[in-house]
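In what follows, chains carry the letters A, B, and so on, assigned in the order in which the sequence lines appear, proteins first and then strands, with residues in each chain numbered from 1. Small disclaimer: the values here were computed from a predicted structure and weren't measured.
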Amino acid sequence: MSEECRKYFERVSEYLDGELTPETCLEIEAHLEECPPCKACVESLKKTIALCRRVPCESMPDDVRERLRKTLLDCIGRNEPAG
Amino acid sequence: MENQLRDASDSDLVGRFKEGAPEAMDEIVRRYGDRLFNFGLKMCRQLEDAEDVTQETFLSAFRYLDGFRGETKLRNWLFKIAARACLKKRRKKKCEPDRELSLDALIPGEDGPVAYEIPDWSENPSDHLIRAELKERIEQAIAALPPKYRMVFNLRDIEGFSTEETSEIMGISTQLVKTRLHRARLFLRQAIAEDGWEEGAR
């Protein structure tokens, strides 16, 4: 990887997260137009992030939910008004 | 009553709880329980530990909710407590040492393929087996991240907190959040890519 590619490679996540200045974004986009490996690198990283976000959230199993409810009721449930 | 609370804002719920309404507690658990459990599971990788983290988080939150002034969002505050509970859990177990991810090892072409083939997530009902296998692959890859990278990744990319919020939750600089997130994503790309998976599975 060339020095120039490495310079951009280090900032790809910030670029994808919209955390760079418009000038830096333009600079990166100009580089991506000329550098297919870097463009492929950005695309695959973007795809990785999107893929990880697709994994559904694990819900609490019913028994865990029930134990949590019971613990909270036992320890906190008899809450007196504050003040 | 319950339906009324479903539309209440977090700060209204906190107010109701402080006034002594236990149903406000149920609604807060309903709103954030699964997300906190999911976070605990991704961080600790064990069901029992995720249960402990969820329980400790809510117990601590409700005990100290009187002191909660609302400058922070309730969700961020809960995750801050959960992050601390995960760290405590790991320290107690002493079985998962943290380590650094080197950027050089994650540069494409240095030690691996130049192009990574990242599989697609299909919503097609007939692809449920492929989806289950892919889910497993992604979860294993996330679990293989060193803990401090895993926490940044989960907070930023899975829970959707901003860089600033993650920095506040973890008590680290925004620059460190950015550095760790970038390396975590590169690590996951390598681990999830078709070739990486095939080689690892053999």
What part of [X] lies closer than 4.5 angstrom to a heavy atom of chain A: side chain, backbone, both or neither?
{"X": "B:Glu48", "answer": "neither"}
{"X": "B:Phe153", "answer": "side chain"}
{"X": "B:Leu188", "answer": "both"}
{"X": "B:Leu59", "answer": "both"}

Minimal non-hydrogen separation, [X] against [Y], with atom names:
{"X": "A:Thr48", "Y": "B:Ile192", "answer": "CG2-CD1, 4.3 Å"}
{"X": "A:Cys75", "Y": "B:Arg63", "answer": "CB-NH2, 4.0 Å"}
{"X": "A:Arg53", "Y": "B:Arg185", "answer": "NH2-NH2, 4.3 Å"}
{"X": "B:Phe37", "Y": "A:Ser59", "answer": "CE2-O, 3.8 Å"}
{"X": "A:Lys47", "Y": "B:Pro119", "answer": "CE-O, 4.1 Å"}
{"X": "A:Leu68", "Y": "B:Phe58", "answer": "CD2-CD1, 3.9 Å"}

Would you say [X] and [Y] make side-chain contact, with heavy atoms under 4.5 Å?
{"X": "B:Leu103", "Y": "A:Arg6", "answer": "yes"}
{"X": "A:Ile49", "Y": "B:Arg189", "answer": "no"}
{"X": "B:Glu51", "Y": "A:Pro61", "answer": "no"}
{"X": "B:Arg35", "Y": "A:Cys57", "answer": "yes"}
{"X": "A:Leu72", "Y": "B:Val29", "answer": "yes"}

Select, from [options], the one with the greatest count of heavy-atom pairs under 4.5 Å involving chain A.
{"options": "B:Ile118, B:Ile142, B:Leu186", "value": "B:Ile118"}
{"options": "B:Leu47, B:Leu134, B:Thr163", "value": "B:Thr163"}
{"options": "B:Asn38, B:Leu65, B:Ile138", "value": "B:Asn38"}

- Item | Option that, when pairs with chain B are counted at under 4.5 Å, heavy atom only, ranks first among A:Val12, A:Leu16, A:Val64 | A:Val64
- Options A:Glu10, A:Arg54, A:Arg11, ranked by heavy-atom pairs under 4.5 Å with chain B, top entry: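 Maximum pair count with chain B is reached by A:Arg54.
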- Message: Using the rule given for side chain to side chain contact (heavy atoms under 4.5 Å, CB included), can you reason through B:Met25 versus A:Arg69, listing the C-alpha separation, both sets of side-chain angles and the distance that settles it, and then say yes or no?
- Response: CA-CA 10 Å; B:Met25 183 167 81; A:Arg69 214 180 96 82; over 6 Å; no
- Item | Distance in Å, B:Asp26 CG paired with A:Leu73 CG, rounded so as to fall on 0.5 Å steps |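 That separation rounds to 6.5 Å.
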- Could you state the interatomic distance from NE2 (B:His182) to OH (A:Tyr15), rounded to the nearest 0.5 Å?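 It comes to 13.5 Å.
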- Message: Does any backbone or side-chain atom of A:Glu43 lie under 4.5 Å from a heavy atom of chain B? Answer side chain, backbone, both or neither.
- Response: neither
- Item | Part of A:Arg65 within contact of chain B (heavy atom distance under 4.5 Å) | side chain
- Query: Which of residues 17-24 of chain A get closer than 4.5 angstrom to chain B, counting heavy atoms alone?
  - Reply: A:Asp17, A:Glu19
- Heavy atoms of other groups near A:Asp62 CG, more than 12 under 6.0 Å: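 Atom CG in A:Asp62 is not crowded, with 12 or fewer foreign heavy atoms closer than 6.0 Å.
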- Item | Non-neighbouring partners of B:Trp121 that pass ring-ring contact (aromatic ring centres under 6.0 Å, His included), sequence neighbours left out | none
